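Below: one structure, written as structure tokens.
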Protein chains: 2
Amino acid sequence: MRLVVARCSVTYEGRLAAHLPEAIRLIMVKADGCVAIHADGGAYKPLNWMNAPNTMVEHADRWEVFNPKGERLLITMHEVLSDESVALGVDPGLVKDGVELHLQVILAEKPWVLEEGLNLMRREYPTDLGPVDLMCTDRYGALVAVEIKRRGELDSVEQLTRYLDRLNLDPRLRPVRGILAAQAITPQARLLAEARQIDTVEVDYDGLREAESTELRLF
Amino acid sequence: MRLVVARCSVTYEGRLAAHLPEAIRLIMVKADGCVAIHADGGAYKPLNWMNAPNTMVEHADRWEVFNPKGERLLITMHEVLSDESVALGVDPGLVKDGVELHLQVILAEKPWVLEEGLNLMRREYPTDLGPVDLMCTDRYGALVAVEIKRRGELDSVEQLTRYLDRLNLDPRLRPVRGILAAQAITPQARLLAEARQIDTVEVDYDGLREAESTELRLF
DNA sequence: GTGTATATCTCGGGG
DNA sequence: CCCCGAGGTATACAC
């Protein structure tokens, strides 16, 4: 990784046009070639950047970075204050726990917490618009598509609606109804779901996880 | 801005739990207090981070970063290889051109480029599912909801459909039709829009901007 | 503050 | 390769 502190101005031309007036900034060049220009604030997002793969041409007074899509980043160097390189090696990577997948696994084991009599048929049931999180049958044997989210918002209802439209085109499946399950559901999403006859269920993730570990302790 | 290169391991506990095994990384601390841990690859996004506002406590062998939401970032320092600070000053900030807002402003001034006789009634017209970009009247006085995008894709059609459904529930407004305006519209979006009687218009942003600056020069 | 939409979103998975 | 969905999304903007 190369770290350059410089008084510079920057122009980006690509998906939009953007310009940075002259100021002192940190320019980070990673081993994969990606370039990021950081100010001393504004969360972790750089002011300007160019991801790999790209080509960098270093002139005396400016850097030009191109990528295959025709985007272009031009850094004009007015004064280089420092320029250091350090070898970091390959990173072993990030281990995560507690994302949507976890909630899906728990609900796949106990779909009846969403509705009495609900039974799992299959997880990640494929449609040609993407997979339904849980495909279940209800107490009467009818099909129910369940979409699981951490937060249920308008987009979630749209997504489930698309799946339902698709599934209900198939006479062997029809009728399929939907349930949106999330730890929290916005009133607007609830409104839209209701208008489309989609049920909404708020799920207590922490409670379920607790119950799960209690069962593990019992056996 | 402070730049520390260190062999470290990291734990985050907050909206999820995440862990980074021991490796050499760059730790960036900005003037606003935000902390970002970078590997030598993977675009501009850090492996782990904690945005401002937060509190950092620096112990001999570890850094603890907390934020008011109860999230926690723990950096265990196994070996500090370098630790430098540099003053960057306040950044004048990024100037952008070509995002959706600009297109919206231009089209609000000249809605008739979308359709002859179109007249602006109101920008950001509210519905209970979100705001319509432009609410217009057509040459016959009927209402037209315009959704503006840089790129018109399936989601854009869904979004406009949602608004139209909502607006057409109101007998004082009905009937309201829709126009999707974008610099480019995918064939799939065009197809879906057509199936829903929604008009699509591709807009020449550069041409409009050019026309706008010409007018400015004339007056 | 809440809620919605945008983003040069980034990133990863599946066809 | 593109498409789609998730994200500790972050960020801006309107109400």
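None of these values were measured; they are calculated from a predicted model.
- Backbone-only engagement by A:R162 is indicated by non-hydrogen atom pairs under 4.0 Å involving sugar-phosphate atoms exclusively.
- Across the interface with DNA chain D, nearest-nucleotide mapping of B:R123 and B:D155 shows B:D155 to be the residue nearer the 5′ end.
- Nucleic acid contact class of B:E147 (heavy atoms, under 4.0 Å, all strands): sugar-phosphate only.
- The distance from atom CD of B:E153 to atom C1' of D:dC4 is 11 Å, rounded to the nearest whole Å.
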Run the salt bridge (charged side-chain N to carboxylate O under 4.0 Å, His left out) test on A:K149 and A:E147 for me, step by step, so that the C-alpha distance in whole Å, both residues' side-chain angles and the decisive distance to 0.1 Å come before the verdict. CA-CA 7 Å; A:K149 291 281 186 234; A:E147 178 64 33; 3.2 Å; yes
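- Close to C:dC9, at under 4.0 Å from its OP1 or OP2, lies a side-chain N or O of A:R15.
- Following rounding to the nearest Å, B:E100 (CD) and D:dA14 (P) show an atom-to-atom distance of 12 Å.
- In this structure, the nucleotide among D:dG8, C:dT8, C:dT4 sitting nearest to the side chain of B:P131 is C:dT4.
- Summary of the strand contacts: A:K149 and B:Q188 both lie near DNA chain D, and taking for each the nucleotide with the nearest heavy atom, the more 5' one is attributed to B:Q188.
- Spacing between atom CD of A:E71 and atom C1' of C:dA7 amounts to 13 Å, rounded to whole angstrom units.
- Nucleotide C:dA5 holds its P atom 11 Å from the CG atom of B:D128, rounded to whole Å.
- Taking a 4.0 Å limit (strictly below) on heavy-atom distances, residues 34-47 of chain B reaches DNA chain C at B:G42, B:A43, B:Y44, B:K45.
- Remark: C1' of D:dA12 and CD of B:E124 are 11 Å apart, rounded to the nearest angstrom.
- An OP1 or OP2 oxygen of D:dC15 is reached within less than 4.0 angstrom by no side-chain nitrogen or oxygen of B:Y125.
- In this structure, SG on A:C8 lies 6.0 Å from CD1 on A:I37, to the nearest 0.5 angstrom.
- A salt bridge does not link A:R122 with A:E124: none of the charged nitrogens is closer than 4.0 Å to a carboxylate oxygen.
- Taking only side-chain nitrogens and oxygens, B:R151 comes nearer than 4.0 Å to OP1 or OP2 of C:dC9.
- Within the 4.0 Å cut-off from OP1 or OP2 of C:dT6, at least one side-chain nitrogen or oxygen of B:Q159 is found.
- At whole-Å resolution of the value, CG in B:D133 and C1' in C:dT6 are 11 Å apart.
- In this structure, B:N54 places its CG atom 13 Å from P of D:dA10, rounding to the nearest Å.
- For the residue pair B:H38/B:K45, the side-chain donor-acceptor check at 3.5 Å is not satisfied.
- With respect to the salt-bridge test (charged N to carboxylate O, under 4.0 angstrom), the residues B:E13 and B:R72 qualify.
- Checked for salt-bridge contact, B:D138 and B:R177 meet the test: a charged N lies under 4.0 Å from a carboxylate O.
- Smallest separation of non-hydrogen atoms from B:Y163 and B:T127: CD2-OG1, 3.9 Å.
- Atoms CD (A:E158) and C1' (D:dG5) sit 15 Å apart, rounded to a whole Å.
- Among the atoms of the strands shown, none is found under 4.0 Å from any heavy atom of A:Q104.
- Side-chain contact of B:T161 with B:R196: a donor-acceptor pair under 3.5 Å is present, judged by distance alone.
- Rounded to a whole angstrom, the distance from the C1' atom of C:dC9 to that of C:dA5 is 13 Å.
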Please write out each protein N/O paired with an N/O of nucleotides 12-15 of chain C under 3.5 Å, distance rounded to 0.1 Å.
none

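- In summary, the side chains of B:Q159 and A:E158 do not present any donor paired with an acceptor at a separation below 3.5 Å, with no hydrogens or angles considered.
- At the phosphate of C:dC9, neither OP1 nor OP2 sits under 4.0 Å from any side-chain N or O atom of A:W49.
- No contact: A:G130 has no heavy atom under 4.0 Å from any strand.
- Considering only side-chain N and O atoms, A:N51 lies under 4.0 angstrom from the phosphate OP1 or OP2 of C:dT10.
- Between B:R150 and C:dA5, a side-chain N or O to OP1/OP2 separation shorter than 4.0 Å is absent.
- A distance of 10.5 Å separates CG in A:L107 from CZ in A:R123, rounded to the nearest 0.5 Å.
- Side chain of A:N67 to backbone of A:G70: a donor-acceptor contact under 3.5 angstrom is found.
- The nearest heavy atom of DNA chain C to B:L129 and to A:M50 marks one nucleotide each, and the one closer to the 5' end goes with B:L129.
- Within the nucleic acid shown, A:R190 has no heavy atom closer than 4.0 Å to any nucleic acid atom.
- Nearer to the 5' terminus of DNA chain C, by closest-nucleotide assignment, is the contact made by A:T186 (compared with the other of A:T186 and A:L16).
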